[in-house]
Amino acid sequence: MAANEPLILALPKGRILDEVLPLLKQAGIEPEAEFDDPKSRKLRFRTNHDNLEIIRVRSFDVATFVAFGAAQIGVAGNDVLMEFDYPEIHAPLDLKIGYCRLSVAEPAELVAKDDPTRWSHVRVATKYPHVAQTHFARRGVQAECIKLNGAIELAPLLGLCRRIVDLVSTGATLKANGLVEVEVIAEVSSRLVVNRAALKTRPREVGGFIERCQAVLDAA
Amino acid sequence: MIDTTSAAVDQAAGLLPAGLRDVLPPRAGFEAAVTERLLAGFARQGYRRVKPPLIEFEDTLLAGAGKGLTSQMFRLMDPVSQRMMGLRTDTTPQVARIAATRLQNEPRPLRLSYAGQVLRVRGSQLRPERQFAQVGVELIGSAALTADAEVVLLAAEELVGLGVTDLSIDLTHPRLVPAVCAGLGMDPVHAEESRKALDRKDAVGLREVAGQDAALLIKLMQSAGPAEYAIHALDRLDLPGEAAFLVRELSELVVAIKAVAPALQVTVDPSEFRGFEYQTGICFALFAKGVRGELGRGGRYTAEAATGSAEPATGFTLYLDSLMRALPTAEPGPSVYLPYGTRRDEAVDLRADGWTTIQGLEPVPDTLAEARRLNCTHLFTGVRVEPV
């Protein structure tokens with residue numbers, strides 16, 4: 001690999017992206033114009049820095065790209081980090097954006113008659129099978145997880161299962177689907193993540209990036 | 001649906017169990033050549049090769065530094081002794097055992113090297129391989145800092161010699177964080193949780209578990225970086241008792257390394273811990289820019305044996321699979337096609353000149369086409385060698 005290979009910053013598509021960009025701007029990093037063009041088919045973008053490029057991928061994939069060193073830096077929620085538990089990812093900064101929580105929810109009518117102490121087995125629909133399993137195992141409950149990639153709230157409605165583990169921010173989606181948040185597994189916010197090997201082999205570049213972000217956060 | 005578990009299908013396609021693979025030419029030959037070069041380099045600095053068996057009794061494998069890989073060991077029952085045996089997950093405990101038993105009367109410091117395959121029950125995310133080759137050295141019987149410097153520099157010298165570009169050595173001291181936590185008077189549970197958070201550079205998690213002690217630990221975490229910067233940052237922290245001593249050890253090692261290899265990239269990360277659980281002093285991991293994962297790791301440990309003896313030791317292990325990814329791909333060397341009927345003495349002469357010869361076993365109408373078909377770079381016309 002050439003010594004002047006640019007650093008790759010992996011950003012998650014969607015909700016978090018709108019919150020990350022202003023932060024980056026304050027750190028003096030701006031993606032090329034095409035980044036904001038919704039019609040663009042490009043996946044990899046230049047920035048106003050020669051040694052920094054941005055890729056835009058699904059939030060779960062940010063962690064994977066960074067863990068394997070395909071991207072050296074990324075922004076990922078701790079929900080994703082908990083799910084993968086990649087040892088090669090360091091999460092040195094809390095960016096204090098993308099706040100929400102990872103929770104267990106169930107239909108309102110179930111809450112009334114349910115006694116959680118009697119559980120030995122639950123079936124849950126979730127994007128986070130690992131987190132859900134660990135969470136329930138900690139209280140001695142075996143969780144059978146049905147992995148879904150979206151529209152989790154539909155699962156109890158259509159009888160796929162009775163409980164879900166999903167991100168909750170305002171609770172509006174849950175409410176609209178007759179679900180109630182019964183337990184918070186973790187508070188979630190977005191973190192700056194870096195690849196462990198990149199931090200060792202390119203300490204000045206990667207360390208410099210972390211410091212720049214830290215300075216923006218300190219100023220806020 | 002395709003039944004991927006059908007044994008008949010697997011057998012026909014040559015499917016191997018997860019994490020196991022066939023290494024083919026030219027890679028297999030290149031890996032062997034790299035191994036030999038490393039061992040020769042180690043030998044030039046007085047490291048003599050030992051060859052422990054692939055399988056031995058479980059309890060001797062799990063003594064001392066071997067404890068960390070208990071859950072990773074393939075086990076089988078020895079039908080002869082009716083005792084449990086394990087396949088080695090790491091070679092260091094075996095070398096330590098050899099030093100403590102059969103080589104107990106050899107003068108110290110004892111310098112030993114090894115190369116061999118290890119097996120693990122599960123691969124990791126970065127190294128899915130369940131079987132891979134390790135090549136390494138152990139320097140047993142010296143607690144001196146010069147011993148630490150010797151093994152770090154030996155690793156660097158040999159890797160650079162092999163053609164690894166942008167080598168980076170990350171130093172850590174696994175006793176540092178526990179020493180800081182103890183100095184702060186943290187209870188063992190919180191100290192353990194803090195160490196885990198530090199290992200992941202998880203500042204948020206650290207604040208949650210360490211409370212008021214988090215400030216110092218976060219500063220400790222932030223002091224990771226290029227060696228000069230890190231040592232300077234660590235020196236400025238007001239570290240409690242033993243921790244300050246450990247930082248001095250690290251700083252002396254950095255000075256010793258930089259004196260010999262000023263161009264070598266050295267980083268210090270005081271909060272690294274994973275995989276160093278059983279190490280007792282300065283440890284290091286070897287990276288190459290752009291190569292995923294570590295090329296190898298090493299560090300100080302206590303060479304305990306089941307016999308109860310204990311000696312200070314240090315060493316390192318290189319992981320051949322990662323190392324191969326860091327090296328330029330091996331170009332196949334020139335080879336010459338010898339048509340059917342080439343005289344034996346001519347072939348011997350060519351080999352003596354350094355050629356790889358590929359002998360034609362039957363007469364063919366077009367020897368040039370045949371040489372090309374067999375990927376030979378040259379053809380022997382009976383008079384001279386010509387490129388194809």
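Every chain is numbered from 1 and lettered A, B, ... according to where its sequence line falls, protein lines coming before strand lines.
Residue A/Arg58 qualifies as open at atom CZ: its count of foreign heavy atoms under 6.0 Å is 12 or below. Residue-environment remark: NZ (A/Lys25) stays at or below the threshold of 12 foreign heavy atoms within 6.0 Å. Within 6.0 Å of atom CZ in B/Arg127, more than 12 heavy atoms from other residues, nucleotides or ligands are found, so the atom counts as buried in its surroundings. The local environment of CZ in B/Phe132 is crowded, with over 12 non-hydrogen atoms from other residues, nucleotides or ligands closer than 6.0 Å. More than 12 heavy atoms of other shown residues, nucleotides or ligands fall within 6.0 angstrom of atom CD in B/Glu277. Few gaps surround CZ on A/Arg15; more than 12 heavy atoms of other groups in view lie less than 6.0 Å from it. Around CZ of B/Arg21, the count of heavy atoms belonging to other residues, nucleotides or ligands within 6.0 Å does not exceed 12. Atom CG of A/Leu158 has more than 12 heavy atoms from other residues, nucleotides or ligands within 6.0 Å.
With A/Thr201 contributing its side chain and B/Ala288 its backbone, the two residues share no donor-acceptor pair below 3.5 Å.
Highest contact tally toward chain B, considering only A/Val193, A/Asn78, A/Asp94, is held by A/Asp94 [criterion: heavy-atom pairs under 4.5 Å].
Contacts between A/Phe84 and chain B at a heavy-atom distance below 4.5 Å involve the backbone alone (N, CA, C, O). When heavy atoms are compared at a cutoff of 4.5 Å, B/Asp170 approaches chain A solely by way of its side chain, counted from C-beta outward. Residue A/Ala198: no heavy atom, backbone or side chain, is found under 4.5 Å from chain B.
With rounding to the nearest 0.5 Å, the separation of CD1 in B/Ile169 from NZ in A/Lys200 is 13.0 Å. Here A/Asn195 contributes atom CG and B/Arg292 contributes atom CZ; the two are 10.5 Å apart, rounded to the nearest 0.5 Å. Separating the NE2 atom in A/His90 from the CG atom in B/Asp269 is a distance of 6.5 Å, to the nearest 0.5 Å.
With respect to A/Arg196 and B/Glu294, a salt bridge is recorded, a charged nitrogen being found less than 4.0 Å from a carboxylate O.
Taking every heavy atom of both residues into account, B/Ala203 and A/Pro92 meet most closely at CB-O, 3.6 Å. When every heavy atom of A/Ala197 is checked against every heavy atom of B/Gly293, the shortest pair comes out as CB-N, 4.4 Å. Pairing each heavy atom of B/Tyr229 with each of A/Glu211, the nearest pair is OH-OE2, 4.3 Å.
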Check step by step if side-chain contact (heavy atoms from CB on, under 4.5 Å) holds for A/Arg204 and B/Gln265. CA-CA 11 Å; A/Arg204 282 171 192 85; B/Gln265 168 149 284; 3.7 Å; yes

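Here the options are A/Ile89, A/Leu81, A/Asp85, the test is side-chain contact (heavy atoms from CB on, under 4.5 Å), and the partner is B/Arg200; only A/Asp85 passes.
Looking at heavy atoms from C-beta onward, B/Gln222 lies in side-chain contact with A/Gln214 at the 4.5 angstrom threshold.
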